[in-house]
There are 2 protein chains.
Amino acid sequence: MGDIELVLKEHHIRPTAIRLLMYKFLSERDIAVTLNDIESGFDKSERTTLYRTIKTFEKKGLVHQIDDGTGIAKYALDEKGTGENQSQDLHLHFHCEKCNETICLTDHKIPHISLPKGFVSKDMNLVIKGICDKCSEKK
Amino acid sequence: MGDIELVLKEHHIRPTAIRLLMYKFLSERDIAVTLNDIESGFDKSERTTLYRTIKTFEKKGLVHQIDDGTGIAKYALDEKGTGENQSQDLHLHFHCEKCNETICLTDHKIPHISLPKGFVSKDMNLVIKGICDKCSEKK
DNA sequence: AAAAACATGCAACTTAAGTGCATTATTTCT
DNA sequence: AGAAATAATGCACTTAAGTTGCATGTTTTT
């Protein structure tokens, strides 16, 4: 049984062909992808199925959705896809205005922020916009 | 000449009737509003006009757009609408999962974050999700 | 093997966002 | 002031992402 198959099973996801392929697809890139990106990578499958697949992954805690300000949802594998650690992904994301790519800066955690009285924090989303390392190189 | 008229003129925006009304509308609430919210507040005017009006405000630095993760753009007046201070609005936003309202926490600035080599930061967006003060009161 | 549960594909719908163009209002110029 | 230029508004239409319903196909369970 392949590695991916195991990962899916650990997350209580049936390892169908498309799901295996999508996991592979996601694990091969280090940037967050849109549904369109995924669609372009799969001639064989259909928009709806891919949509539902990524949503399944999300529900089961395999991927997280990122809102980078472009208005289009992006997805990336959770850091510890295999582990049991379901703690929130409080790392931050960087969106490059040039290449339009969004990167998970998994080593950069969001610092603690004290809120006014009465506010209860459950989740956080920090996106930094600017120029990424690749684009700032090739001037 | 009214106060609002002056504010608009300072931002090089022609003070038409709709624009004056929209500014008033925005200044009357302390939460970020969607285009739909605005539309509901104006029987007289039309979606497109309101859309273009808010976009004009945005371009001229009167309002900022907030992406709170709901997928729907929200807008709020900049802190110093009147002043010359065009420095980025690096305050954070709080999105309440219960009442769905998004609040500018203008007093809470986003802390400095050091990025990996090659990354250039131009703008930041931090949204904290949870329960707001009003909703946590009335259990 | 039959029943139940789940996955997939197709079509259609919803909603926010955005554009083109004609009309109307406002400003500028002489 | 009046004409020309510029900008604002309103209406219709388009686009694109996201989402749902339902029929069909597949896998799992008993």
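Just so we're on the same page: letters track the sequence lines, and every chain starts at 1.
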Exercise. Under the 4.5 Å side-chain heavy-atom rule for ILVMFWY, direct or indirect, which residues accompany A:Ile66?
Worked result: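 Hydrophobic cluster check, A:Ile66: no partners found.
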Just by modelled atom types, is the [Y] backbone N or O under 3.5 Å from a matching donor or acceptor in the [X] side chain?
| X | Y | value |
| --- | --- | --- |
| B:Lys109 | B:Thr106 | yes |
| A:Thr49 | A:Ser45 | no |
| A:His91 | A:Ile110 | no |

Exercise. What residues, two or more places apart in sequence or in another chain, satisfy salt bridge (charged side-chain N to carboxylate O under 4.0 Å, His left out) together with B:Lys129?
Worked result: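 With sequence neighbours excluded, B:Lys129 shows a salt bridge (charged side-chain N to carboxylate O under 4.0 Å, His left out) to no residue whatsoever.
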Problem set entry | Partner set under salt bridge (charged side-chain N to carboxylate O under 4.0 Å, His left out) for A:Lys59, not counting sequence neighbours |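 If we apply the salt bridge (charged side-chain N to carboxylate O under 4.0 Å, His left out) test to A:Lys59, skipping adjacent residues, there are no hits.
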Quick one: [X] [atom1] to [N] [atom2], roughly how many Å, whole number?
| X | N | atom1 | atom2 | value |
| --- | --- | --- | --- | --- |
| A:Ile38 | D:dA17 | CD1 | P | 13 Å |
| A:Asp67 | D:dA17 | CG | P | 15 Å |
| A:Ile72 | D:dA17 | CD1 | P | 6 Å |
| A:Asn36 | D:dT19 | CG | P | 14 Å |
| B:Arg47 | D:dT14 | CZ | P | 17 Å |
| B:Leu20 | D:dA8 | CG | P | 13 Å |
| A:Asp37 | D:dA17 | CG | P | 10 Å |
| B:Lys60 | D:dA7 | NZ | C1' | 11 Å |

Problem set entry | Residue met sooner reading DNA chain D from 5', once B:Arg19 and A:Lys55 are mapped to nucleotides |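 Checking each residue's closest nucleotide, the 5'-ward one belongs to B:Arg19.
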Exercise. Which comes earlier along DNA chain D counting from the 5' end, the contact point of B:Ile13 or that of B:Glu46, where each point is its nearest nucleotide?
Worked result: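 In this pair, the answer is B:Ile13.
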Which pairs of donor and acceptor atoms, one on a side chain in residues 112-119 of chain A, lie under 3.5 Å apart (sequence neighbours left out)?
none

Exercise. DNA chain C: B:Tyr51 or A:Thr56, which has the more 5' nearest nucleotide?
Worked result: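 Nearer the 5' end of the strand: A:Thr56.
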Exercise. Which is true for B:Ser45 with a 4.0 Å heavy-atom rule: it touches a base, it touches only sugar-phosphate, or it touches nothing?
Worked result: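 Contact class for B:Ser45: sugar-phosphate only.
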According to side-chain contact (heavy atoms from CB on, under 4.5 Å), who are the partners of [X], at least two apart in sequence or on a separate chain?
| X | value |
| --- | --- |
| A:Lys55 | A:Tyr51, A:Glu58, A:Gln65, A:Tyr75 |
| B:Leu21 | B:Phe42 |
| B:Glu39 | B:Asn36, B:Arg47, B:Leu50 |

Problem set entry | Contact boundaries on DNA chain C for chain A, cut-off under 4.0 Å to non-hydrogen atoms |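 The footprint of chain A covers C:dC6 to C:dA11.
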For this session: Quick one: list whatever passes side-chain hydrogen bond (donor to acceptor under 3.5 Å, both in side chains) with A:Thr102, sequence neighbours left out.
Result: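 Result, side-chain hydrogen bond (donor to acceptor under 3.5 Å, both in side chains) vs A:Thr102: A:Asp68, A:Lys74, A:His95.
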Exercise. For A:Ser27, what residues pass the side-chain hydrogen bond (donor to acceptor under 3.5 Å, both in side chains) criterion, not counting sequence neighbours?
Worked result: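 Testing A:Ser27 for side-chain hydrogen bond (donor to acceptor under 3.5 Å, both in side chains), a comparison that skips the adjacent residues, returns none.
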Problem set entry | Between the first and last five pairs of the helix from C:dA1-D:dT30 to C:dT30-D:dA1, the angle of the axes, rounded to 10 degrees |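 Both end axes considered, the difference amounts to 30°.
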Within the sub-3.5 Å range, which N or O atoms of nucleotides 21-30 of chain D have a protein N or O partner, and how far apart are they?
unit_1	atom_1	unit_2	atom_2	d
D:dG21	O6	A:Arg52	NH2	2.7

